[in-house]
Structures are given as structure tokens and as C-alpha cells.
J.: 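Structure provided below as C-alpha cells; questions to follow.
Naming convention: chains lettered A, B, ... in sequence-line order (proteins, then strands); numbering from 1 in each chain.
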Protein chains: 4
Amino acid sequence: MSSTPAFKRLPRAVREQQMLDAAVRVFSRHGYHGASMDEVAERAGISKPMVYAYLGTKEELFVACLHREGTRMMEAIAGAAAPDLPADERLWRGLRAFFGFVGAHRDGWAVLYRQARAERAFADELAGMRTRIVEVVAGMLDHALRAEGREVAETDLEVVAYALVGATESLADWLADHPEADPEKTATRMMNVAWLGAAQLLRGARWR
Amino acid sequence: MSSTPAFKRLPRAVREQQMLDAAVRVFSRHGYHGASMDEVAERAGISKPMVYAYLGTKEELFVACLHREGTRMMEAIAGAAAPDLPADERLWRGLRAFFGFVGAHRDGWAVLYRQARAERAFADELAGMRTRIVEVVAGMLDHALRAEGREVAETDLEVVAYALVGATESLADWLADHPEADPEKTATRMMNVAWLGAAQLLRGARWR
Amino acid sequence: MSSTPAFKRLPRAVREQQMLDAAVRVFSRHGYHGASMDEVAERAGISKPMVYAYLGTKEELFVACLHREGTRMMEAIAGAAAPDLPADERLWRGLRAFFGFVGAHRDGWAVLYRQARAERAFADELAGMRTRIVEVVAGMLDHALRAEGREVAETDLEVVAYALVGATESLADWLADHPEADPEKTATRMMNVAWLGAAQLLRGARWR
Amino acid sequence: MSSTPAFKRLPRAVREQQMLDAAVRVFSRHGYHGASMDEVAERAGISKPMVYAYLGTKEELFVACLHREGTRMMEAIAGAAAPDLPADERLWRGLRAFFGFVGAHRDGWAVLYRQARAERAFADELAGMRTRIVEVVAGMLDHALRAEGREVAETDLEVVAYALVGATESLADWLADHPEADPEKTATRMMNVAWLGAAQLLRGARWR
DNA sequence: GATGAATGAGTTTTCATTCAT
DNA sequence: TATGAATGAAAACTCATTCAT
């Protein structure tokens with residue numbers, strides 16, 4: 001009697017990942033408010049008190065999801081955009097990685113993100129993430145500038161970065177809503193807008 | 001006995017506006033889910049059943065808010081960007097009007113919009129609004145192109161428009177979160193990014 | 001100016017009938033509880049306060065419906081079963097009239113009746129109606145008996161009458177649920193059950 | 001510290017029965033619509049969410065009551081009417097058991113039944129129960145017939161059975177309304193009406 | 001006589017969260 | 001560690017009923 005049933009008494013870390021998997025799924029499907037802890041627990045194949053014991057309240061659980069997915073995304077981007085490339089090449093690779101990630105996790109990241117934006121409670125977490133992204137983008141731009149011997153006010157850099165991030169988010173959203181769309185192509189379009197600007201485009205210019 | 005109590009037995013149209021005012025406020029403060037019909041009614045100085053009688057369920061009420069505020073915004077923009085101006089001037093005026101509106105209704109539009117994006121139920125309403133905006137922007141661009149004797153694939157136009165709208169929304173969001181920021185300045189920055197593109201900016205170019 | 005709009009200011013009695021028509025319809029469709037005064041008023045083409053002014057509360061309104069329809073039914077039966085006919089002929093005609101009525105008002109009588117039976121509030125009204133029916137039936141039987149020179153305890157008469165009425169109601173219910181069924185045939189069947197049983201009893205037969 | 005508090009943390013099965021007991025009582029007292037889930041929970045000595053968790057919505061709860069009580073009644077009848085007895089004896093025992101049951105549960109079965117009849121939502125459940133009863137009764141009659149070497153059209157059997165059931169229900173109702181009445185006596189009376197009528201029919205007699 | 005405006009009071013239902021075992 | 005049992009608190013929605021005009 002009592003050979004251990006292969007799926008019980010897992011180490012804490014593993015259990016937590018299972019729960020997060022379940023939670024991401026449920027939150028994505030029904031949104032933050034529509035999701036119920038019951039369903040999360042059920043999908044994780046575990047009892048509710050366990051979820052509370054491991055990952056805390058619903059709010060904390062959501063933050064944990066956001067954090068894990070966000071980190072994964074950042075890593076994907078960072079891994080793609082090597083710092084020693086020229087600015088436009090880095091931007092392009094970053095964008096491609098980003099849209100690739102969003103495309104591959106259509107039901108994950110974009111939805112969580114949208115949810116987070118709607119709830120005051122997550123403002124801080126989001127602000128942190130966005131700051132990190134903006135920093136990265138602004139860093140790219142700054143790097144490029146310095147390479148050309150120029151200098152630009154920090155605020156301006158930040159605003160450009162913000163706008164780029166915003167435009168990108170928008171297209172990512174659009175991508176999440178259009179299952180048939182191609183991430184690669186979306187990245188290209190974004191690159192064109194971002195890099196050249198509307199005026200250039202109107203004149204027939206194309207990046208690459 | 002005598003002078004009008006001023007706030008009882010009002011005609012339907014008036015009450016509806018009062019309710020919408022209250023609803024916009026409450027939804028903005030607590031978000032769609034955090035808002036309770038009780039509070040909406042209370043803030044409107046009326047009983048709950050009236051809200052249901054006039055504006056329907058919570059969902060419908062929210063849509064009504066979205067609709068009213070969205071329409072107001074569109075009108076503000078349309079009123080500013082006269083169709084006979086050159087493309088960049090129109091874009092500029094439109095942006096200025098937009099950021100002006102958002103700045104003036106800091107607790108209104110941007111928050112409702114964020115809320116709407118988080119809930120599947122409002123996807124349709126949103127899609128409609130966005131389509132109208134994108135059409136307007138794409139129209140501007142198209143107009144400018146034809147003036148120069150060029151033609152551009154419709155899809156490309158749409159994507160450019162989408163990205164612009166996204167970037168703008170992002171800055172609007174940022175504006176809503178930064179009470180001290182200046183709408184006019186934000187509009188200018190956005191214009192620079194949009195019109196010139198990052199590459200131009202990096203080279204020191206500035207619109208105007 | 002001011003030729004009277006043909007459908008306003010009707011005499012009270014007419015208005016009341018219109019309301020009752022509407023009410024019977026609504027109660028039949030949705031049941032007593034499912035029905036709303038709003039719908040009654042709307043269907044009667046009149047405002048709610050009028051309904052209250054003319055026919056009182058929802059409960060009173062329902063009683064009024066019950067009363068009118070019940071009276072109509074009783075009259076239909078009484079009109080059919082002339083007192084100078086032999087007992088079986090009278091019973092037969094009565095049954096035929098009853099099932100005919102129920103069949104013709106499939107959505108009226110039977111449904112109201114079922115509703116009334118479920119609500120304590122209508123017990124009195126119902127008891128009154130049933131008493132009248134039972135009296136009629138018992139009267140028929142008694143008449144037949146005396147014609148044969150017999151006499152039977154009143155209680156027994158009442159019970160037989162009760163059982164007959166119950167069986168009849170049951171078949172009426174069944175008829176209301178089966179739109180394709182033929183009232184005439186149902187009456188015949190009921191007659192067979194009722195008459196052969198009753199006849200034996202009347203002749204003094206007893207089981208055991 | 002020590003002896004069992006006896007009424008806390010009970011196993012599900014037990015709690016469910018307690019809830020059903022409470023529900024039957026409350027539904028019987030106030031009717032389906034008059035009953036509130038609050039009262040059911042209170043009377044069961046438990047909080048409302050438990051009721052929902054175990055027995056579902058109000059409608060489902062009512063169906064559960066109906067089902068349990070109906071099954072008990074059927075069992076009482078089936079247990080009384082052994083299949084190897086002569087037809088009249090079986091009918092008699094069945095009737096006696098039925099009236100006995102109704103008499104013993106004056107506030108249970110008959111009231112639930114009346115309620116169920118008033119609500120469209122329960123039509124299916126009721127139809128099922130009635131079908132089972134009618135089948136049993138028709139089976140009895142059929143058995144008796146075959147014993148006498150006769151055969152009767154199925155439809156006729158069904159109608160006779162229906163009428164019997166209806167008459168019986170009616171007397172049961174009457175019994176539920178007359179607390180002083182004697183179930184045994186009521187059964188006897190019903191038997192007289194039913195048997196003398198049915199016996200004639202079984203012998204091939206027809207009115208007209 | 002007639003009605004649009006208004007509401008008090010109540011209902012069902014859901015959920016995050018926690019004991020007791 | 002793990003869970004079935006349990007709940008407090010609230011929220012959306014409905015309806016019979018009545019003023020004030």
C-alpha cells in the first residue's frame with residue numbers, strides 16, 4: 001500500500017507553475033473579473049485553499065501571472081535585439097520578436113495586458129513593466145544618437161519611445177484579435193511607420 | 001407650497017443626461033466592474049429602478065456612456081480639422097483637439113475606453129468607434145496622397161492609421177495619468193513622431 | 001378641433017372588459033406570478049394607474065379574471081344541460097359543453113384554474129366555484145335517484161360528485177396540453193368512466 | 001472542547017437531506033413563488049451559498065423536492081400493491097397507500113404537486129411522474145383484463161387510467177384541505193367510484 | 001379621466017475567502 | 001500538505017404600487 005501517486009506532493013515550484021498555467025488560461029478566457037478562483041483551482045487540478053496558500057489572493061495571483069508572462073516577453077525581445085547592432089536593425093529585431101511572441105501567445109499576453117490596464121490595482125505593476133520597456137527603447141535610440149555624435153533631451157527620447165510602444169501595443173492588440181494575421185508582416189508594417197514616419201511613407205519611401 | 005422644487009418629476013430627456021453624467025463619473029472612478037448601479041443611482045439623485053427603466057442594464061448603461069462620450073470626442077476632432085487644409089495641418093489640428101479633449105475630460109474618455117477594451121462584451125461597440133476613427137485618419141492620408149498624385153494600397157493606409165491611433169491613445173493614456181502634463185505639448189510631440197518618424201527625429205529634424 | 005378620438009373616453013364597463021381580456025391573456029401566457037402589471041396595461045392599451053383605478057391590485061385583477069371566465073363556463077354548461085332531461089343525458093350534455101368550452105378556450109380557463117390552485121390567496125374564490133359545480137352535479141345525481149325512488153346520504157353524493165369533477169378536471173387539463181385532441185371524444189370517454197361507475201353506485205351497488 | 005457539536009461540518013449527503021427537508025416545508029407553506037431561498041437556508045440552519053452549492057438554483061431545488069417526495073410516494077404505493085393479488089385488491093391497496101401517504105404528509109406532496117402544476121418550468125418533471133403512475137394503473141387494468149381473456153385498446157386504457165388518477169388527485173387535494181378527514185374512508189369512497197365504473201368498462205359495457 | 005415619473009422593498013444569485021479536519 | 005465544508009457580503013435586477021400633473 002502507498003506507492004506514491006506520481007502526481008501528488010510535487011515540489012512547490014512545480015505546483016506553482018501549474019497553478020500559474022491554469023490561472024493564465026482562465027484569466028485570458030474570462031478576463032480578470034469573469035474568472036473565478038474555483039475555475040482556476042479546478043483547472044490546476046488542486047483545491048482552492050492550496051491556491052491561496054501558494055499564490056495568495058486573486059489580485060496577487062493575477063499579478064503573478066502578469067509578471068511571469070511579462071518577463072518571458074521581455075526576455076524574448078532582449079534575446080533577439082543584440083546591443084551591438086545598428087539602431088534600425090535592433091529595433092526591427094525587437095519588433096519582430098515582440099510580434100512573434102504576441103502571435104504565439106495570442107490568448108496569453110495581450111489579454112492579460114488589456115485586463116491589467118482596466119484595473120487601478122495593477123497600475124503599479126504595469127507602470128514598472130512599461131518603464132522597463134521604455135527604458136530599453138529609449139536606450140536603443142540614445143545609443144544610435146550617440147553613435148552619430150548627437151544628443152537629445154531625455155524627455156523627448158522618452159516621448160518618442162512612449163509613442164512607439166503605444167503604436168506597437170495597438171498593433172499587437174489588433175493582431176490578437178485577428179487570428180489569421182501574420183506577425184512577421186505586422187512587424188514590418190510597424191517598422192515602416194515607426195522608422196520612417198507618415199510623411200516619408202506618403203512620399204513612397206519604404207524601410208528596406 | 002409654491003416655487004418649483006427644481007429636481008423632481010423632470011422630463012425623461014433631462015433625467016437621462018443626469019444619469020449618464022453620474023454613470024460616466026462612477027464608471028471612471030471605479031471601473032466597469034467596480035461600479036455599482038446603486039452608486040450610479042445615488043449620484044444621479046434618483047432611484048435604481050429609474051436607471052433600469054431609462055437606460056437598461058449595466059452593460060447597456062456603459063455602452064450608452066461610451067457612445068455619448070465617444071461621439072462628443074469625435075465631434076470635437078471633426079470640428080477642428082477642416083477638410084480643406086493641407087494634410088499635416090489637419091492632422092495637427094486633429095491631434096490638438098484630441099489631446100485637448102482628453103485633457104479636459106481626464107476622468108472621462110480615456111478611462112471608459114480602457115474599461116471597454118477589457119471586456120469582450122464591448123468589443124463590437126469599440127470596433128465600430130475605432131473603425132470610424134481609422135477611417136477618418138486614413139481619409140486624411142489618402143487625401144494628401146491623391147493631392148500628390150500618388151496612390152497607396154488600402155491595407156497600408158489602414159495600418160498606418162492604426163499605428164497612429166495606437167500611439168495617440170498611448171499618449172492620451174499617459175496624459176490621463178499625469179495631471180500636470182500639458183495637452184498642447186503632448187500633441188506637438190505626437191505630431192513629431194507621427195509625421196516625421198523616428199529616423200528623422202534622430203537626425204534632428206522637427207516638424208515646424 | 002377636438003373631434004373625439006373614437007377609442008378614448010369609453011364607458012367604464014367597456015374599458016373594464018378590455019382590461020380583463022388583456023389580463024386573461026397575459027395571466028394565461030405567463031402565469032399569475034410571471035405576469036406583470038406593465039404587460040397587462042400595455043396589452044390593454046392603457047396606462048397602469050388606470051388598471052389600478054378600475055380593477056384594483058394584481059390579486060383582485062386575477063380574481064376578476066377567474067370570476068368572469070368561471071361564470072362564462074358555468075353558463076355554457078348550465079345552458080346545455082336542461083333540467084328536464086334524463087340524468088345521463090344531462091350529464092352527457094354538461095360534459096360535452098364543458099370540454100367544448102375548455103377546448104375552445106385552451107389558453108384561458110384551464111390555465112387560470114391551475115394558477116388559482118397554486119395560490120392560497122385564491123382558495124376562497126375557488127372553493128366557491130367548486131361548491132357551485134359540485135352542487136350542480138350532486139343535484140343531477142339526486143334528481144335521478146329520486147326518480148327511481150331511492151335516497152342516498154348527502155356525503156356520498158358529494159364524494160361521487162367530487163370524484164367526477166376531479167376526473168373531469170384532469171381530462172380537461174390533459175386536453176389543454178394536447179392541442180390536437182378532440183373535445184367531443186374526450187367528453188365521450190369521460191362519460192363512459194363516469195356514468196358506468198355512477199350508475200352502479202346509484203343502484204346501490206357497493207364494492208365490498 | 002470535546003463532545004461533538006453535532007450540527008457543524010456535516011457530510012454532504014446529510015446536509016442535502018436537511019436542506020430538502022427545509023425546502024419541502026418552506027415550499028409547502030408559501031408556495032413556489034412565495035418561498036425565498038433565504039428562508040430555506042435559515043430553516044435548514046445553514047447559509048444560502050451552501051444551498052446553491054449543493055442543490056443549485058431555486059428551480060432545481062424545487063425539482064429535487066418534487067422528485068424526492070414523488071419517489072417516496074411511488075415507493076409507498078408500489079410496496080403496498082403486490083403484483084400477485086387480484087386487480088381490485090391491488091387497486092384498493094394502492095389507493096389506501098396513496099391516501100395514507102397524502103394524509104401523513106398533508107403539507108408535503110399535495111402542495112408541491114399543486115405548485116408544480118402551475119409552473120411551465122416543471123411540466124417535464126410532472127409529465128414524467130404522471131406517465132409512470134398512469135403506466136402502473138393501466139398495467140393493473142390490463143392485467144385484470146387479460147385474466148378475463150379480454151383485450152382493450154391501449155388508448156382506452158390510458159384514458160380510464162387518466163380519469164382515475166385525476167379523480168384520485170382531486171380527492172387527495174380535498175383531503176389535504178380537510179385536516180379532519182380520514183384517509184382510509186376517502187380511499188374507500190374513491191374505490192367505490194373507481195371500481196364500479198372500471199369494472200363495467202372492463203366487462204365491455206359502453207354508455208350508448 | 002388619464003398618465004409619465006418615481007420608488008421601496010425584495011429576490012435570486014455569485015464569489016473571494018477561510019475554518020476544521 | 002491538502003481539502004470539503006462553510007459563509008459574509010454584496011450586486012444586478014424586477015415589480016407592484018402610487019404621486020403629481
J.: Counting only side-chain heavy atoms from C-beta out, which of F/dA16, E/dA6, F/dA12 sits nearest to B/S36?
T.: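 Among F/dA16, E/dA6, F/dA12, the one nearest the side chain of B/S36 is F/dA12.
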J.: What residue among D/R29, D/R25, D/H30 forms side-chain hydrogen bond (donor to acceptor under 3.5 Å, both in side chains) with D/E39?
T.: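 Going through D/R29, D/R25, D/H30 one by one, the side-chain hydrogen bond (donor to acceptor under 3.5 Å, both in side chains) with D/E39 is satisfied by D/H30 alone.
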J.: If I take atom CE in residue B/M50 and atom P in nucleotide E/dG4, what distance separates them, rounded to the nearest angstrom?
T.: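 Taking CE of B/M50 and P of E/dG4, I get 12 Å after rounding.
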J.: Rounding to a whole Å, what distance do you find between B/K58:NZ and F/dC13:P?
T.: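 It is 8 Å, rounded to the nearest whole Å.
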J.: Does any N or O donor sit under 3.5 Å from an N or O acceptor when you compare the side chain of C/K48 with the base of E/dT3?
T.: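 Such a pair does not exist between side chain and base.
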J.: Rounded to the nearest Å, what distance is computed from the NE2 atom of residue B/H30 to the P atom of nucleotide F/dA10?
T.: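 That distance rounds to 14 Å.
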J.: If you check every side-chain atom of D/R15, which of E/dA2, F/dA6, E/dT17 has the closest atom?
T.: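 Nearest to the side-chain atoms of D/R15, counting from C-beta on, is F/dA6.
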J.: Donor-acceptor pairs under 3.5 Å, side chain of residues 43-56 of chain D to any protein atom, not counting sequence neighbours: which ones?
T.:
none

J.: How many Å lie between CG on C/L55 and P on E/dA2, as a whole number?
T.: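 It is 13 Å, rounded to the nearest whole Å.
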J.: Taking OP1 and OP2 of F/dA5, is either one under 4.0 Å from a side-chain nitrogen or oxygen of D/Y54?
T.: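 So the side-chain polar atoms of D/Y54 do come within 4.0 Å of the phosphate oxygens OP1 or OP2 of F/dA5, strictly under.
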J.: Name the orientation class of the two ring planes belonging to C/H33 and D/H33 (parallel below 30°, tilted from 30 to 60°, perpendicular beyond 60°).
T.: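 It falls in the parallel class, under 30°.
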J.: Quick one: is the NZ or CZ of B/K58 closer than 6.0 Å to the six-membered ring centre of B/Y32, and within 45° of its axis?
T.: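 Yes, B/K58 lies over the aromatic ring of B/Y32.
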